[in-house]
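Keep in mind it's a predicted model, so treat the numbers as computed, not measured.
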Amino acid sequence: MVVSLLLPLLPLSLLTFLFNLVDRKPNALVQVAVIDPREQYLVSHACTEIVEGSRDPLFLTGVTFPPEYPASPETLVKLTVYDVRDKARDNSSFLGSATFSVSDLLRSKDDQLTLNLRSSDGVLAVGTVLVSRVNMGEMEEGDVDHITADVQQCTLVCESSQATPNDKDNSPLTGAVFKNPVCKVYKFQTVDSKWMLVREQMEECTLSFSIPRQLLHLYIQEDMRRIQELRDLGELSPHWDNLRKEVIGRYGQVIAAYQETLAELNKITGPSFKPSCSKAQRYLEFIPINLHTQRMRVTCPRQTDAFYDVITVGAPAAHFQGFKGGGLQRLLSRHEAEKKSFSTAYQCIYYSPEHTAKAQEVLHSVGHLQPLISGLADQLLQAAQQHSMAGLREALKTLAGKTEQFVHALKDELVKSALLALHAAQPSYVTKNQNQTLPGHQGHSHQDHPSPSQRGQQGQSPPQNPGHSPGQPSATDSPVVVCNNVDGGSQTAPIREDGQTPLKRQDSIPCHKEYDEEEWDRVWADVAKSLNCVIAMVDKLQEQEPISNNQEQPIPKQVLADVITSHNPEGDWREQLCPLVVRLKECVAEVVVRARRAMTFVLLQEAACSIPQGLFLKQRRDVVFSQALAALACGFVMRLYAGMEDKGFLRQLHLVGLVAQFESLLSTYSEEIGMLEDMEVGISDLHRVAFKITQAKTDDPCDLQPVVIGRREHYTVEVPLPRLAFQMLPHEIKEGKALQVYPVLFNVGINEQQTIADRFGDISLQERINQRNFEILDSYYKSLSDKVPSECLPCFQTRTDLKDLLGTLGQNVVTKKRKNVEILWLAGTICRRLNGIRFTSCKSAKDRTSMSVTLEQCALLRDEHQLNKDYFIRALDCMRREGCRIENVQKNIKCRKYAFNMLQLMAFPKIYRPPEGTYGKVDS
């Protein structure tokens, strides 16, 4: 059996004896070391917090060994007590020590072991220590009462780490995704003088690397498809062909960079996280910074264990690319404004982000629906071959639904106008028009167009005939004007009744008499007509069915005239349906070819207007989104695993979805403004993500890794579960229902840079983010209230109504108050009350994040588990000095110091300051 050791309570009689030799009250600390009997050397393992100025110190911090720690019954544990004279310089003096083996504790009566503490020469006995073994989750009232019965002893408690049936920390399910646990254990006193056991467990997540790798692969595939679609546009005029070549070249550069990054990531083995000191490395830019999970488990007498989870991650941002020009939010806004002038220079139509998104959606829809329609049409013919009317009807119903969905996806003016623009960009268009132009215009072609730089210098508006709008040139207009020039006017487009701005008709998409504008309408309508013919034939076959099945019944002559005769009645259905089904497939294929080319031409113009800034921003957005999605997937999986037996949670999951609340501590000053602007866009982009639960092929850890599918406009993360766990889920989830997540971001800067921003800078970004995301959170709560009963939500000791909490949060986000951290506290509380996923971030998820996480944990112990108010600050210092967060600092920078200095901390809210001796100037 693997054993964990706990040192929660040490009222040392040895100190009373030894302290008579000194003229002051000591600052006591206990260090724990392990001696491997085979290797015969001492390894420092952990230590308690420092109890200042006490001759009768009470230690709260515990020591635990993770399950995979190579301990054996022969392993020796050495306890050493020190008097810390100077915390900042780690100056201490020896007071006493004791040694025992794990087997001694296992064989001891009542799971207790009494040891003598001895002086440095090992001769003089200076006190005793009582070692006790307990199990998390099995503590009874008596187990904690006896600990304080004799205050003249040093008490050491051992925690067994054997997994229990309800152990959510070390189950095989979590082991597939979460790795390398770090555990810390404490014992804190409650208001009724009882004791609670508190266990922190921090773990790395394999998704830190697996999600970015999968996304990079999808990015490469998507961009390669885009290149092929651009090539499939066919022959274009020289102007457009040159633009196409330039865009394809840019896409090729992006693909090459992504392939190189993916190859480097595939070489990486070892830890499953990116340390903060590597945040600006090029090949790691897609990897989230310092992504870890942290769970606090609380065991109290006569109460069920409680779990509180949080995911800590560095702010999703493009650190390698830097923040000289700001972050994504500012860069995208600036670029969108500049695209209009770029479109004139490159002789392109300006397409809004909504139009571009629509083009991408149409491309995805036709690509997805065409094979489905083709397959369903084949199923229809197969049912006809089998002479199964039930199968025929079922296949027809599905086919009709998908075909109607296909037709609806193309019912957009954008497709029609883009086809017209594509026609104008083809050489044949110019040739036909040249035959109708004046002699003075002959010989002109797209090759005569000036370069983009020359166009900007000329700045001339194209000539137009009286009585014709820019979108309706006459047949005598110059082909240069008709084909490529963009109207330089600044007319405001009218607003439609639905509030959207219609696509601007410019000279790039003229109404030329050589092109039949109604052709697209006819081709598009042919799909519906073909489907109606198939439906009519199936109806006719259904009328024939009684006749075909009952050969004794005479067949009326009129019916015989309406039915195509055959010597093999069994083959009639397929023979009659086949020409109609083939026609339907042909119509769908023709529509797909036209729609795909039209939408690709839209994206060509959008990309041409964006070169090179647009593709640079796309890369930056890819990087930020990759970090954000890895964190979200980690949080979703952790929350799902924890709620597998909670029927209310599972019901909420498929009816409404989950809120994912990101807490950010970035300042709105200097580079961190750019980080926050990146983070805002990255978190917002997560609304494009849905989750789906699947049944794993096997229980092997490799088959339990989440899988990402989709494209930039919409991704689905498939989370596989073992067969037995999957069978426990509600029917809707097992059927593959898409599970939604609602990301919200709240930011409050707390450091010295935020002090400068509050007094002399601009905090409007923070205010806008908090206000906007409060509205999203409030909308989610209203939707949840309408669809899910309150019984599905978790119960908390604090009975404040959720509606009241939201009201208070709403008041705080509009209140002008510096460093209003109550916004973060309220948002975090509401998230937990809503069964949500909690994230905490700062620049590297190491220093400010540690202060926030430990504060939240102690606040939960106070509010939900009656932590004695006299122990609140001590508990906070214990967690910050010797808890999982200082271990996180050690993992990142190989030093147990938070990256703060005294001047910085003077600007921090007091409750966010670490204990003395735990901070200093380090490279973070």
Side-chain angles (χ1 to χ4, degrees), residues 1-14 30-48 59-81 96-119 122-167 169-170 181 183-187 195 197 199 297 299 301:
M1 178 179 65
V2 183
V3 173
S4 298
L5 301 179
L6 179 66
L7 287 147
L9 181 62
L10 296 172
L12 302 178
S13 58
L14 70 106
V30 178
Q31 282 193 344
V32 179
V34 177
I35 306 173
D36 189 323
R38 290 165 293 186
E39 302 293 338
Q40 290 297 319
Y41 61 84
L42 196 68
V43 178
S44 179
H45 183 71
C47 65
T48 67
F59 291 88
L60 306 178
T61 306
V63 178
T64 183
F65 296 104
E68 68 275 11
Y69 191 87
S72 66
E74 292 75 27
T75 299
L76 299 178
V77 180
K78 182 176 181 180
L79 312 176
T80 308
V81 184
S97 65
T99 303
F100 67 95
S101 69
V102 173
S103 60
D104 293 337
L105 179 59
L106 296 177
R107 292 195 301 264
S108 63
K109 184 179 180 181
D110 300 327
D111 291 329
Q112 294 184 2
L113 188 65
T114 302
L115 304 171
N116 289 323
L117 289 163
R118 297 189 175 275
S119 58
V123 177
L124 182 63
V126 295
T128 60
V129 57
L130 176 64
V131 182
S132 300
R133 182 168 66 93
V134 298
N135 291 319
M136 286 292 293
E138 299 179 7
M139 188 171 67
E140 301 294 339
E141 187 173 356
D143 294 332
V144 290
D145 284 345
H146 83 272
I147 294 175
T148 57
D150 185 0
V151 296
Q152 299 303 313
Q153 290 183 326
C154 165
T155 305
L156 173 65
V157 180
C158 287
E159 179 213 355
S160 172
S161 64
Q162 278 187 312
T164 63
N166 296 322
D167 189 0
D169 296 328
N170 301 301
C183 302
K184 297 291 180 177
V185 187
Y186 317 90
K187 192 178 290 289
W195 293 87
L197 278 176
R199 174 179 174 178
R297 178 179 179 182
T299 301

Checklist entry - Excluding sequence neighbours, so at least two apart, what forms side-chain hydrogen bond (donor to acceptor under 3.5 Å, both in side chains) with Ser101? => result Ser103, Asp104

Checklist entry - Among all residues two or more places apart in sequence or in another chain, which pass the side-chain hydrogen bond (donor to acceptor under 3.5 Å, both in side chains) test with Thr99? => result none

Checklist outcome for this item: For Asn116 and Ala98, the nearest pair of non-hydrogen atoms, with its separation, is O-CB, 3.5 Å

Next on the checklist: Let me confirm one number: the CD-OG distance from Gln31 to Ser44, rounded to the nearest 0.5 Å.
Outcome noted: 5.0 Å

Checklist entry - Is there a side-chain contact between Thr75 and Ile35 (heavy atoms, below 4.5 Å)? => result no

